[in-house]
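The figures that follow rest on heavy atoms only: side chains count, while hydrogens, waters and symmetry mates do not.
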Amino acid sequence: MSAGADGGGGAAVAVGSSEGGPLEDGFVPSALGTREHWDAVYERELQTFQEYGDTGEIWFGEESMNRLIRWMQKHKIPLDASVLDIGTGNGVFLVELAKFGFSNITGIDYSPSAIQLSGSIIEKEGLSNIKLKVEDFLNLSTKLSGFHICIDKGTFDAISLNPDNAVEKRKQYVKSLSRVLKVKGFFLITSCNWTKEELLNEFSEGFELFEELPTPKFSFGGRSGNSVAALVFQKT
């Protein structure tokens with residue numbers, strides 16, 4: 001996970017504001033926001049895959065992947081468009097993109113074990129046109145740039161839980177995103193920690209909302225809402 005996860009294993013990282021020392025943005029600091037946690041997670045998942053062939057869970061479920069791919073098909077995103085999966089985890093989303101015909105896709109993660117796991121899964125699937133890199137999205141190498149599509153399913157959520165200055169890390173995330181994404185390029189984010197309005201505020205500088213994607217709704221106490229927000233931004 002590049003400060004989070006995407007197609008990776010594990011559950012969603014929702015932690016709302018509550019007692020117990022919340023950060024200034026209302027989130028409670030959590031190990032889910034640390035590299036040590038995700039290194040340990042993917043070391044275990046890599047071992048499980050090597051022993052049993054289990055690829056792990058899909059962040060936000062399989063429907064979350066299909067939702068993004070349907071959007072890309074609806075808007076006729078060219079199959080050779082450059083796509084970056086931020087925090088690729090076990091790389092399952094990359095596999096799905098490749099199966100749908102996308103041929104210029106890259107997955108990054110700051111956990112070497114995640115990238116090793118992704119590579120093993122991709123090799124097992126017989127795919128060869130997927131690029132993988134160990135990269136910390138908050139401290140990028142100069143090589144990543146010019147992407148038409150950037151995708152995040154859970155990485156920004158995890159960054160928000162980092163015990164060490166999460167606010168600054170979120171600002172750096174936006175700077176990194178602006179650097180790697182082409183002008184008029186699209187950023188597809190799925191979050192269980194942030195509402196639509198909050199995400200609009202977080203990405204207000206250099207990005208504009210292009211579309212809100214439908215997500216499952218819940219009802220409680222006479223009120224209804226969405227447990228997950230899925231938005232498409234366009235770089236201005």
Practice item. Examine distances only and state if a side-chain atom of T215 and a backbone atom of A230 form a donor-acceptor pair shorter than 3.5 Å. Key: no
Review point. Salt bridge (charged side-chain N to carboxylate O under 4.0 Å, His left out): which pairs involve residues 70-83, sequence neighbours left out?
Key: E63-R70, K74-E211
Check your understanding: Less than 4.5 Å apart, any side-chain heavy atom of D85 and any of T106?
Key -> no
Check your understanding: Say you draw a straight line from NZ of K196 to CG of L200; how long is it, rounded to the nearest 0.5 Å?
Key -> 6.5 Å
Exercise for review: List the steps and the verdict of side chain to side chain contact (heavy atoms under 4.5 Å, CB included) for F100 and L79.
Suggested key: CA-CA 9 Å; F100 274 89; L79 292 177; 5.9 Å; no
Check your understanding: Side chains of L231 and F210: closer than 4.5 Å at any heavy-atom pair?
Key -> no
Check your understanding: For V228, does its backbone N or O pair with a side-chain atom of T190 as donor and acceptor, under 3.5 Å?
Key -> no
Check your understanding: Do L138 and K175 have side-chain heavy atoms sitting under 4.5 Å apart?
Key -> no
Exercise for review: Indicate yes or no: at least one non-hydrogen side-chain atom of W71 is less than 4.5 angstrom from one of L213.
Suggested key: yes
Review point. Are the side chains of Q73 and I77 in touch, meaning some heavy atoms are under 4.5 Å apart?
Key: no
Review point. Can any side-chain N or O of S191 pair as donor or acceptor with the backbone N or O of D157 at less than 3.5 Å?
Key: no
Check your understanding: Parallel under 30°, tilted from 30 to 60°, perpendicular over 60°: which one fits the rings of F186 and H75?
Key -> tilted
Check your understanding: Can you tell me if S145 uses its side chain to pair, donor with acceptor, with the backbone of V180 under 3.5 Å?
Key -> no
Exercise for review: Could you check N104 against V83 for side chain to side chain contact (heavy atoms under 4.5 Å, CB included), going step by step and ending with a plain yes or no?
Suggested key: CA-CA 6 Å; N104 187 7; V83 180; over 6 Å; no
Point to revise | L188 CG to C150 SG distance, which is reported to the nearest 0.5 Å | key: 9.5 Å
Point to revise | Donor-acceptor contact below 3.5 Å, side chain S120 vs main chain Q116 | key: yes
**Study point:** I122 and L132, any side-chain heavy atoms less than 4.5 Å apart
**Key:** yes
Check your understanding: Counting only N and O atoms by type, is there a donor-acceptor contact under 3.5 Å from the side chain of D152 to the main-chain atoms of I189?
Key -> no
Exercise for review: Report the relative orientation of the aromatic rings in F156 and W194; use parallel for angles under 30°, tilted for 30 to 60°, perpendicular for over 60°.
Suggested key: tilted
Check your understanding: Can you tell me how far CZ of F102 sits from CE of M72, rounded to the nearest 0.5 angstrom?
Key -> 3.5 Å
Study note, to complete from the structure: Distance col, row E197:CD vs E202:CD, nearest 0.5 angstrom, shows 13.0 Å
Point to revise | Validation row: F233, L177 side chains within 4.5 angstrom (heavy atoms) | key: no
Check your understanding: Would a distance-only check, ignoring hydrogens and angles, find a side-chain to backbone donor-acceptor pair under 3.5 Å from R67 to P214?
Key -> yes
Check your understanding: Of I149, I151, L144, which is the lone residue that meets side chain to side chain contact (heavy atoms under 4.5 Å, CB included) with F147?
Key -> L144
Point to revise | Close side-chain approach of H148 and L84, heavy atoms under 4.5 Å | key: no
Practice item. Check the pair K133 / I115 against side chain to side chain contact (heavy atoms under 4.5 Å, CB included), numbers first and verdict last. Key: CA-CA 7 Å; K133 296 182 180 181; I115 293 300; 5.9 Å; no
Review point. Between E208 and K235, is the closest basic N to carboxylate O distance under 4.0 Å?
Key: no
Point to revise | Lys/Arg-Asp/Glu bridge criterion (N-O < 4.0 Å) met for D164, K169 | key: yes
Point to revise | Short side-chain donor-acceptor distance under 3.5 Å, N90 and S118 | key: no
Practice item. Quick one: list whatever passes ring-ring contact (aromatic ring centres under 6.0 Å, His included) with F187, sequence neighbours left out. Key: F203
Practice item. Using the ring-ring contact (aromatic ring centres under 6.0 Å, His included) rule, take Y173 and F137 through it: C-alpha gap first, then chi angles, then the decisive distance, then the call. Key: CA-CA 7 Å; Y173 181 103; F137 195 63; 4.9 Å; yes
Practice item. Report the C-alpha separation of E135 and L140 in whole Å, then their side-chain angles, then the decisive distance to 0.1 Å, and conclude whether the side chain to side chain contact (heavy atoms under 4.5 Å, CB included) test is met. Key: CA-CA 6 Å; E135 283 274 2; L140 289 170; 3.8 Å; yes
Exercise for review: Mind checking the CG-OG spacing from L127 to S103? Nearest 0.5 Å is all I need.
Suggested key: 12.0 Å
Exercise for review: First locate atom CZ of F207, then atom CG of L181, and finally report the distance between them rounded to the nearest 0.5 Å.
Suggested key: 6.0 Å
Point to revise | Heavy-atom pair of closest approach, residues K182 and G146 | key: CE-O, 3.1 Å
Review point. Counting only N and O atoms by type, is there a donor-acceptor contact under 3.5 Å from the side chain of E198 to the main-chain atoms of T195?
Key: yes
Check your understanding: Which heavy atom of A98 sits nearest a heavy atom of N129, and at what distance?
Key -> CB-OD1, 4.3 Å
